[in-house]
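Naming: A, B, ... by sequence-line order, numbering from 1 per chain.
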Amino acid sequence: MNEIRNEPTGPDVFAIQEKWLPVWDELRPFASGNKDDIRPKKYVLDMFPYPSGDLHMGHAEAYALGDVIARYWIQKGYNVMHPIGWDAFGLPAENAAIKRKLDPKAWTYDNIEIHKASMRRYACSFDWDRIIRTCDPIYYRWNQWLFLEFYKKGLAYRKNSMVNWCPSCQTVLANEQVVGGACERCDSVVTKKALTQWFFRVTEYADRLLDDLELLECAWPSKVLSMQRNWIGRSYGAEVDFAVDGRTEPITVYTTRPDTLYGATFMVVAVDSDLAAELVSGSTPEVRMQFQAYLDETKKSNDIERMATDRAKTGVDTGRFAVNPANGELIPIWVSDYVLADYGTGAIMAVPAHDQRDLDFARALGLPVRVVVETGEADSVETGVATVGEGVLVNSGALNGLSKVDAISKMVGILEEEGKGKAAKNFRLRDWLISRQRYWGTPIPIVHCESCGEVPVPQDQLPIELPSAEGLDLAPKGTSPLGGAEEWVNVPCPSCGKPAKRDTDTMDTFVDSSWYFLRYLSPNSETEAFSKEEASKWAPVDQYVGGVTHAILHLLYARFFTKVLQDLGYVDFGEPFTRLLNQGMVLMNGSAMSKSRGNLVKLGDQLDEHGADAIRLTMAFAGPPEDDIDWADVSPAGSGKFLARCWRLANDVDVRVGVDFSKGNLELRKATHSFLRDFGTNIENFKFNVGVAKLMELVNAARKTIDGSVGPTDPAVREATEIVAKALSLFSPFMAEEMWEMLGHKPGVALALLPEADPALLVESTLTAVLQVDGKLRDTVELSVDATDADLQAAADASAAVQRAIEGREITKVIVRAPKLINIVTKQ
RNA sequence: GCCCCCAUAGCCCAAUGGCAGAGGCAGACGACUUAAAAUCGUUCCAGUGUGGGUUCGAGUCCCACUGGGGGCACCA
């Protein structure tokens, strides 16, 4: 007897999960490689994960949202390619290897298997035939091929320079990997080191990378666009040549304010530049000693100290003089650490009156200040605040009386005429440092030969496979562990055949991820990086989904690669990702989850407790996707309740499959079709939370119909429930499939098409019209949808509330928006 | 310091310039139950951060401010 009472009134979500997984393995609904497929294409891409441990809540959000989009387009009749792979090279594998004495390779591949199993259980709609792993030789040989293509074009080059060095990771870092002077990965303070390193000439594409952001306006989050613009940082100005006393060549400086040239009262050269060393070499021993001491101190300080803007200005007078080309004045040349060696020319003209940094320097070291722009602001010498506003030029010869803009163009004209300068632009963006002194990455395909120099490895010798980690000392020591692989390093020179050595550095893993979206097109090809034919069919990516953490690095590099590949003729487009969605982070109690903070929510625990469907639904329903989700604010249990509601709905339907819906209850049919009208728009605009809310509304309406006088046998109940099952499958595919089966269909709700709304069911015959007086609501009235202005006026005349409100007032105006609104305006 | 985004009920969030509430969470009450859970139903709750402006009408558009978040930052 108890058995009867305890009969389950809801679904066993875990049994349902286990039931459908093997069915789907068989059905393979997300395979996209059928050549005969006539559906239009859609390339939906999730940023591929780094295989460290198991999936976490962040992955769960990203893949839930990416899945909504991919599954939606399938149900709209598209052939959707939704691939997955692993960004499998990188430091964590190596660090785990060092710490736990594991092979980085084994560690990585084990983690990939863990990921794969979790993605399957999370019901990700991936095309499992297109898997890539960047640590597979079949993948990274194409990194090497691309490197050589770049090399041929002069886009890959080696130079000695001061580079960012992480003392903890014991490797160089790209500019983009230094955040606030610290290593992005381990937070150690980054230092500078002079090293010979490989670079990609991304600066050659700076203009295009900046200008083409225009094409992405409205298709990428504006935040990402502005971050990229900031990062590239183009400025316009002029290069000005200053003749130097006792030196044949002039010193060229870059300035954005050539209008203030008359106010340049001294010059400053970056202390760590070659130019500074050269200038002082001709000075007195005292100066040389002072310079050396200052230089040593600068080198000792790190970027965090050096970048502190409130630090007092320091410097050394070189004792040398330059000639101001505007007025012929001799001005002293100083060296200082506030001028950067690798921006512009490493030397500046100092205009202390109109530049705060120069003014600080002038005041600290007693240098003259000359006002050349009258801005109406207080005297900068007295206030210590440089006047940077608009104004009229003074003390500036031919420029006197001009505005800033006019003075800039006139000065540039004069300089160009006299051969002392020219218009110029500069970028904050630096070339991309790609070599790393670590093991677990793509070997750089260059051989160093004593007689031939740098020799590119011939294509037919690719891939250069990594030597086995066995026997290698992977511990960071500042030089690549590959140097210890004797047999691997020592090779005959491909050019002359004499003994030579391989380059022992490996590539930055951002190289791997700069083109992976193309590799998915032909993931197993041994003859090309990607099929040009497939690329013209599938690429560019229609929809990219990933975290905003990659707003600069990865997206900029991928855009760069795409433009290079376009120039090389391998692709026919210039932007890789047509549309971008950045999902927010998953937080717990207001802050990022971490073990050390003690607020870590484990995805595995959540799945064990609520099931994949409820977690996925919670991710979609939590709010706008780009906002952060605080796990403390959302309710996976609530999602579970909704899913049970859906299940009971399907369970209660008592209409045979294939019934003619047209005889169904009109009210519910209208609800179903207005859902169909709105749902697609919501999903296409990434308003997943609103889409789920609409779905809940439809479930509520169907429930009401079943429980009310219409009952479970009405055809409209089946229509509504089938639409619920299809729409639900974007969020909670297990339950949707279960419902689909309960409704009498064969497995594969993911492939069932979402119909268009029937327009005939969207027309309403009446609506609630609003009667306002002076903009305030006074009454409402049911009117026909084709009510005229006169009908509204009549309704207002007939309304006691309206008449009361206008009583004794003079009507000045009547605004009518038939059929829904009338506003009677009275004299105030 | 410069640039960008956000602010609606106790909470998460909706709302083509036209009735502030679609949905959910939490709460309260009721039905079912010996009881509880589950379920179903009903219900309480803000005038939209502050101050101006535009408009017949502003959560929505404009300006300023406050608070929160983010990006860049000695880039000449």
What residues form a side chain to side chain donor-acceptor pair (under 3.5 Å) with [X], not counting sequence neighbours?
{"X": "A:R257", "answer": "A:D259"}
{"X": "A:S799", "answer": "A:D779"}
{"X": "A:N689", "answer": "none"}
{"X": "A:T265", "answer": "none"}

| field | For A:K704, salt bridge (Lys or Arg N to Asp or Glu O under 4.0 Å) partners two or more places apart | value | none

Pairing residues for [X] by the side-chain contact (heavy atoms from CB on, under 4.5 Å) criterion, not counting sequence neighbours:
{"X": "A:M593", "value": "A:M57, A:V586, A:M588, A:N599, A:L600, A:V601, A:W631"}
{"X": "A:N682", "value": "A:D678, A:K687, A:V690, A:K694"}
{"X": "A:A693", "value": "A:F621"}
{"X": "A:S709", "value": "none"}

With the side chain of [X] defined as its heavy atoms from C-beta on, choose the nearest nucleotide among [options].
{"X": "A:K313", "options": "B:A76, B:C13, B:C74", "value": "B:C74"}
{"X": "A:K820", "options": "B:G71, B:C19, B:U16", "value": "B:U16"}
{"X": "A:D707", "options": "B:A15, B:C72, B:C40", "value": "B:C40"}

| Are any of A:Y338's side-chain N or O atoms less than 4.0 Å away from OP1 or OP2 of B:A76? |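 Result: no.
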
| Just to confirm, is there a sub-4.0 Å distance from OP1 or OP2 of B:C19 to any side-chain nitrogen or oxygen of A:R778? |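 The answer is no; no side-chain N or O of A:R778 sits under 4.0 Å from OP1 or OP2.
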
Distances under 3.5 Å between nitrogen or oxygen atoms of protein and nucleotides 21-28 of chain B:
from  : atom 1 : to     : atom 2 : distance (Å)
B:A22 : O2'    : A:E697 : OE1    : 2.4
B:A22 : O2'    : A:E697 : OE2    : 3.1

| message | Regarding A:S235, tell me which of base, sugar-phosphate or nothing describes its non-hydrogen contacts under 4.0 Å with the strands shown. | response | sugar-phosphate

| said: Could you check, using the six-membered ring where one of them is a Trp, whether A:F361 and A:F266 have ring centers closer than 6.0 angstrom? | reply: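 Yes, ring centres under 6.0 Å apart.
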
| said: Distance check needed: B:A73 P versus A:N230 CG, whole Å only. | reply: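 The distance from CG of A:N230 to P of B:A73 comes to 8 Å, rounded to the nearest Å.
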
All N/O contacts under 3.5 Å from nucleotides 56-61 of chain B to the protein, with atom names and distances to one decimal?
from  : atom 1 : to     : atom 2 : distance (Å)
B:C56 : OP1    : A:K813 : NZ     : 3.1
B:C56 : O2'    : A:N823 : ND2    : 3.3
B:C56 : O2     : A:N823 : ND2    : 2.3

Could you pull out the protein-nucleic contacts involving nucleotides 66-69 of chain B (nitrogen or oxygen on both sides, under 3.5 Å)?
none

